[in-house]
Number of protein chains: 2
Amino acid sequence: MPYGAKSAATIRRYALECALFLLNRDVKMIVAACNTVSAVALPRLKELLRIPLIGVLEPGVEAGLRATHANRIGVIGTQSTISSDAYQNRLRELRPGIDVSARACPLFVPLAEEGRTTGPIVHKIAEAYLKPLKHHSIDALILGCTHYPVLAPVIASVMGENVALVDSAETTAKAVEDVMLREGLLRTYGPSRINCYVTDIPLNFKKLTRRFFGKPVERVEQVELTTD
Amino acid sequence: MPYGAKSAATIRRYALECALFLLNRDVKMIVAACNTVSAVALPRLKELLRIPLIGVLEPGVEAGLRATHANRIGVIGTQSTISSDAYQNRLRELRPGIDVSARACPLFVPLAEEGRTTGPIVHKIAEAYLKPLKHHSIDALILGCTHYPVLAPVIASVMGENVALVDSAETTAKAVEDVMLREGLLRTYGPSRINCYVTDIPLNFKKLTRRFFGKPVERVEQVELTTD
């Protein structure tokens, strides 16, 4: 990471390497829990692989369409996500005539990573990015990047109480359950556990994972990915 | 990129891959023109490779020592550069008793990449990072990251006119010339040309290279690196 400033070709290659790594561990389903990967690489993965695959874009779009009553919606995300037009196209496909405003917010990821989620600096940056969307009178804003929910308070304070913030996390979890039930993949017995595989463990990895997960992440294993 | 938030092991692996790629193209000397690579990976590369290798840390340290008269110096850089203590140790080694203040500025690289180099936002961020250094009464500040010179005006306005900003670019070029002359490697005939090899060409690559080089970069070739 970060994926948001890489080329589409590189994002697709990384996503395929990640998927093949997981397939070698006999997973029954893969969730691409990254908006940039969902927007840029998921269609290609679905062409290539048989396993059920789900991204965070489709659940975010569905939640967004439920949240807008004025049919004026906004989407924020990384440079690559917004430039792919994936959110904009899917929203217009499912609801022709909808008014979509999109904006890349490249500083939001490094702000979240630095833990700078409150105070005048992040407020001023959020204002600079979001003012055009606010002037567009949207009534719902899709947080199209997994880092953005930690900035939700400042985004809400800039957008005001009449704009619903849409986070795809819960809708994605529900969509995963639906697929698991439909395909008969849901395990109903025994305890669950989480194994994390990462391609790098940078200096502040522990602090960051605690910030995003709300608790320490255990069983973290560093691996090297390859398509060989 | 960015390298500044990756682990030391990953930075060393990438640096070795880059160096081997260049050696396969029969270069006569390699400059690691990245402070993070210079601080974290250069000693290991020097152990492994015979070719003349130069980083930007040593020239930056030398220029910094010439610039400070009060023997109170500051260094700013990425998380990985500052955490490596490479600048701090080398400054103290060459001038025992010097007072060194160091500070990581993780938002400076994304700000420079976004082209947000003037205005109240970048000024406020610079103030937040640099105030502790200013209170420490330094009289010279090493810009220990290749991105920071594009932020020099705002850094200067925060630090005030009594603090000299030290950019290692010119000192590094001079050090390269010295090595070339000493080793008899300097070519004195024919036109020069620049070939650029990159591992990715992201969306705004052209705009960014123009911003940093001051003119368009030609002959850019995307390559895949490997140690095989």
Side-chain angles (χ1 to χ4, degrees), chain A residues 1-14 17 36 40 78-85 104-116 118-129 147 198-208 220 222-228, chain B residues 1-14 17 36 40 78-85 104-116 118-129 147 198-208 220 222-228:
Chain A
M1 71 81 62
Y3 274 35
K6 297 194 183 341
S7 71
T10 295
I11 293 163
R12 286 191 197 110
R13 180 161 62 86
Y14 285 180
E17 285 168 1
T36 304
V40 174
T78 65
Q79 195 82 55
S80 294
T81 297
I82 298 304
S83 297
S84 77
D85 280 328
C105 307
L107 287 170
F108 276 180
V109 166
L111 281 167
E113 295 264 323
E114 206 192 14
R116 205 179 279 274
T118 57
I121 286 174
V122 64
H123 196 90
K124 269 205 175 309
I125 293 173
E127 269 183 344
Y129 286 141
H147 276 62
V198 297
T199 55
D200 196 14
I201 302 188
L203 290 169
N204 42 3
F205 182 77
K206 274 191 181 172
K207 201 170 70 186
L208 272 173
V220 175
Q222 191 176 349
V223 295
E224 225 176 286
L225 297 186
T226 157
T227 43
D228 298 343
Chain B
M1 69 81 62
Y3 273 34
K6 297 195 184 341
S7 70
T10 295
I11 293 163
R12 286 192 197 110
R13 181 160 62 86
Y14 285 0
E17 285 168 2
T36 303
V40 174
T78 66
Q79 197 80 56
S80 294
T81 298
I82 298 304
S83 296
S84 78
D85 281 329
C105 308
L107 288 169
F108 276 180
V109 166
L111 281 167
E113 294 264 322
E114 206 192 13
R116 205 179 280 273
T118 56
I121 286 174
V122 64
H123 196 89
K124 268 202 176 311
I125 293 173
E127 269 183 344
Y129 286 142
H147 276 63
V198 297
T199 56
D200 196 15
I201 302 187
L203 290 169
N204 42 3
F205 182 78
K206 274 190 182 171
K207 202 171 65 186
L208 272 174
V220 175
Q222 191 175 349
V223 294
E224 225 175 289
L225 297 186
T226 156
T227 42
D228 299 344

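Naming: A, B, ... by sequence-line order, numbering from 1 per chain. All of these numbers come straight from a predicted model, not from anything done at the bench.
With a 4.5 angstrom heavy-atom cutoff, A/Gln79 touches chain B via backbone and side-chain atoms both. Within the 4.5 angstrom heavy-atom criterion, no atom of B/Ala8 approaches chain A. In this structure, chain B has no heavy atom under 4.5 Å from any part of A/Glu113. Heavy atoms closer than 4.5 Å to chain A are found in both the backbone and the side chain of B/Leu111. Residue A/Ile201 touches chain B through its backbone alone, counting heavy-atom pairs closer than 4.5 Å.
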Given B/Arg116 and A/Ile125, is the side chain to side chain contact (heavy atoms under 4.5 Å, CB included) satisfied, shown in steps? CA-CA 11 Å; B/Arg116 205 179 280 273; A/Ile125 293 173; 5.7 Å; no
Apply the test side chain to side chain contact (heavy atoms under 4.5 Å, CB included) to residues A/Asp200 and B/Arg13: give CA-CA distance (whole Å), side-chain angles for both, the deciding distance (0.1 Å), then the verdict. CA-CA 11 Å; A/Asp200 196 14; B/Arg13 181 160 62 86; over 6 Å; no
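Here the closest heavy-atom approach between residue A/Glu114 and residue B/Pro106 is recorded as OE2-CD, 3.4 Å. When all heavy atoms of B/Pro120 and A/Lys124 are compared, the closest pair comes out as CB-CE, 4.4 Å. For B/Pro2 against A/Pro2, the heavy-atom pair with the smallest separation is CD-CD, 3.6 Å.
Among B/Asn204, B/Leu107, B/Thr199, the residue with the largest count of heavy-atom pairs under 4.5 Å with chain A is B/Leu107.
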